[in-house]
There are 2 protein chains.
Amino acid sequence: MAEAPRLTESAGAVFAVLAQAGRATRPQLASLAGLSKPTVSAAVAELEGAGLATHSGTASGGTGRSAAVYGLGPASGSVLAVDLGPARTRVRGCALDGTLLAEADTPRTRAADAVREALAALPAGAPLRAIVVAIGDVSAPDLAGTGMRPATAKAGPVFDAVSVALPPGVPVHLENNVNCAALAELHEGAARGRRTFGYLRIGVGVGLGIVIGGQVLRGANGAAGELARLPYPWDDDREPRQEALEAYVGSQALLRRAAEAWRETDGPCPRTAERLFALAAEGREPARSLVARHAADVGRLAAAVTAVLDPGLIVLGGSTGADPQLLSGVRTELGRLSWPTEVVSSQIGDLGTVVGAARLAVAKGVQNVTEGAQVKD
Amino acid sequence: MAEAPRLTESAGAVFAVLAQAGRATRPQLASLAGLSKPTVSAAVAELEGAGLATHSGTASGGTGRSAAVYGLGPASGSVLAVDLGPARTRVRGCALDGTLLAEADTPRTRAADAVREALAALPAGAPLRAIVVAIGDVSAPDLAGTGMRPATAKAGPVFDAVSVALPPGVPVHLENNVNCAALAELHEGAARGRRTFGYLRIGVGVGLGIVIGGQVLRGANGAAGELARLPYPWDDDREPRQEALEAYVGSQALLRRAAEAWRETDGPCPRTAERLFALAAEGREPARSLVARHAADVGRLAAAVTAVLDPGLIVLGGSTGADPQLLSGVRTELGRLSWPTEVVSSQIGDLGTVVGAARLAVAKGVQNVTEGAQVKD
DNA sequence: TGGACTTCGTTAGGAAGTTAACTAACGAAG
DNA sequence: CTTCGTTAGTTAACTTCCTAACGAAGTCCA
């Protein structure tokens, strides 16, 4: 790769806000970046020269002279987001303004194919600036040196399988899938406009994505939000066991309790959480009481989060957590136990993880441009 | 008050690092503030003119020309820290470099006297730039408008009693006492050099001060770290009750359990937690097993914190929590349940709260100088 | 069609800070 | 006592960005 033409500080700032806005006029860029008009003019000229911005039409704002509109140029390049989900692998390629450029979706086993497919669909001439891989595991610094690796064996093999398909020389960032989904809620979901909130995901397992001041909180071991480790059961005369909480509040446990509670007269016992919730929505017993009970359990989980963080907002997500049937039960239990805290359902479904990973990748990619060099971490 | 002579940005930056360092030469200021020598020279001249800095001797660094040393000037003023503790009220007046200028300590009932005493001992000519009041309560914005007030009735009356003694026109900041103690550990205690940790205080009640990236985390309601609201008891067949945890793990509960476990042959039953710990230190039963049990309980509390935050370090404080006898038991239980997390005992005793409040007040005071105006929040 | 008005973008002058080079002051070695 | 190396502080030229003012290019309205 040729000499990276280092940008001046103001040009970097303008590029960052241009990427965020997608397309903008010079006066808009000036106000967004907090710079003066002459400085923005100079910066735009610089970006245009480097191919990082292009003139893309004009905008007439009713009265007055019409302004030139700028968008990202071809040299700005793209980023890649990979969600190594439990069942499917989802890949997205995006421009630095967040535009979707390529998409792929395969079964987990064909993860590398999905990556190759998406890479092939990206524009060839421009640089790939960052890769974010979302995994259902805590990640740790790679012992070898530069990169990151999943901390446990859980996500290791799939990650390795995908790694071989990734182009060399591009910074790869590992991120927890719940954290990614939280970012998706922050940017285009139920937590838009917030600076601090918790994204509580309830499905087969439980997890929490913490956003404080617009930033994901990762923790010293990248394990912040790993609620499965909350002490449970916990009472004067009971010893907590490791990971017992997940076995209790996860969807497996929900189905197990359904099997126990179900009578012959209740009809066929549901095999999936979705089916159980559907029956509950029809008001059928014992589905309804099981779901109500589940809501109280989730409310307690939320109370544990609130007791520590007091985030002000909790977004419920995940295969069982996102169901609006839970909302009132969760709110009641949380209100009973803890601080006034808003509770809403996720607005983004299964795609949350890729979407959030793409947001993160875009942010890394923009950093890569504005800081001129490879971005570490 | 006369026209506040607004400082230039660089002079403000230099003042901030000078306050932090206490005394420094111009080259030191340049490197600390990240400014060039000429700029620092200009800034120092500006500060000296405003009385915010004074020449205070020279430092010869072995070889080469000896540099002029500067310290804070008389116009830099002072700040006040007030700890409204459950038994005693502690007040400290400090210069903006942290130097202790005045100190007072009275029973809780004579809080206003302590404030007046300390105020009288502060230099008269210079402005009082900030007041921080530490209380054992969550604080909320004052309904009247500008200030803050304790959120519940718990600390309200004492706060009002102190308020009348505070000079008008000085920004008052309320802060939770546990958060203050956490700041003390951060700056001059067991968490020195850390950026993120949790300060777990166990005494009559339980509380957690959270420091992330050197900043105290307050939460949406100022209630972050109010662990008393953790769901407890919690099991498949048990309903959590509000505030039940504090009644269980607080020192009252410890003494209640001691009374239950004590036999005639064990000698006199201890009336205070200190006495119980002393007996345990001698290896006497049942004190030893009660303390061991308490350690496991604290470990579970720590595990709840770790599951949410993964802070990497937990500092144990408070009347029972700070006892080193707990350490190994807490570490064992925490290690069993959660992530690798360092656990150490507090290095600062009862003074932690005032010391931390003073740190906070100094920070506010420096902001007050560099930003020229009243600092809100 | 031609002001009147509004907004865009550029030009000119100034404020603030940086680098580079120079002078000033101090200690130690000859 | 001089000389040399080292560090402090100043001066000068240059960079970057801002404010202010002006010319350019639109819309609105008679």
Side-chain angles (χ1 to χ4, degrees), chain A residues 5-18 21-50 52-71 73 369-372, chain B residues 3-18 21-50 52-71 73 369-372:
Chain A
R6 200 60 168 276
L7 296 177
T8 63
E9 200 175 324
S10 60
V14 169
F15 182 83
V17 302
L18 179 57
R23 21 196 307 107
T25 66
R26 277 189 268 203
Q28 287 170 342
L29 291 172
S31 111
L32 289 170
L35 295 170
S36 67
K37 292 192 290 175
T39 307
V40 168
S41 283
V44 167
E46 186 182 344
L47 292 174
E48 229 175 341
L52 291 169
T54 45
H55 186 106
S56 68
T58 56
S60 98
T63 172
R65 177 175 175 177
S66 47
V69 175
Y70 292 86
V369 174
T370 57
E371 293 173 13
Chain B
E3 276 287 306
R6 200 59 167 275
L7 296 179
T8 63
E9 201 175 322
S10 60
V14 168
F15 182 82
V17 302
L18 180 57
R23 27 200 300 106
T25 66
R26 277 189 269 201
Q28 287 169 343
L29 292 171
S31 112
L32 288 170
L35 295 170
S36 66
K37 292 192 291 175
T39 307
V40 169
S41 284
V44 167
E46 186 181 343
L47 293 175
E48 228 175 339
L52 292 169
T54 44
H55 185 103
S56 70
T58 55
S60 103
T63 171
R65 177 173 174 179
S66 46
V69 176
Y70 293 86
V369 173
T370 58
E371 293 172 13

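Each chain gets a letter, A, B and so on, in the order its sequence line appears, and its residues count up from 1. What you see is a predicted model; the values in this text were computed from it and never measured.
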For [X], report the nucleic acid contact type (base, sugar-phosphate, nothing); a contact means any heavy atom under 4.0 Å.
| X | answer |
| --- | --- |
| B/T8 | nothing |
| A/A68 | sugar-phosphate |
| B/P27 | sugar-phosphate |
| B/S10 | sugar-phosphate |

Starting from [atom2] on [N], measure out to [atom1] on [X] and report it in whole angstrom.
| X | N | atom1 | atom2 | answer |
| --- | --- | --- | --- | --- |
| B/L7 | C/dG17 | CG | P | 12 Å |
| B/E46 | C/dG17 | CD | C1' | 13 Å |
| A/L35 | C/dG9 | CG | P | 15 Å |
| A/R26 | C/dC8 | CZ | P | 11 Å |

Residue whose nearest DNA chain C nucleotide is more 5′ - B/E9 or B/T63: B/E9

Nearest heavy-atom neighbours spanning B/T39 and B/S10: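 Minimum heavy-atom contact is CG2-CB, 3.6 Å.
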
Atom of A/Y70, atom of A/R26 and distance for their closest heavy-atom approach: OH-NH2, 3.4 Å

Contact nearer the 5' end of DNA chain D, comparing A/S66 with A/K37: A/K37

Residue pair B/L18, B/L52: steps toward the side chain to side chain contact (heavy atoms under 4.5 Å, CB included) verdict: CA-CA 10 Å; B/L18 180 57; B/L52 292 169; over 6 Å; no

Distance-only donor-acceptor test (3.5 Å): side chain B/R65, base C/dA24: yes

Can you check whether [X] has a side-chain N or O nearer than 4.0 Å to OP1 or OP2 of [N]?
| X | N | value |
| --- | --- | --- |
| A/T39 | D/dT16 | no |
| B/S41 | D/dG9 | no |
| B/S36 | C/dT18 | yes |

Point-to-point distance, once rounded to the nearest 0.5 Å, from CG of A/L29 to CG of A/L35: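 These two atoms lie 9.5 Å from each other.
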
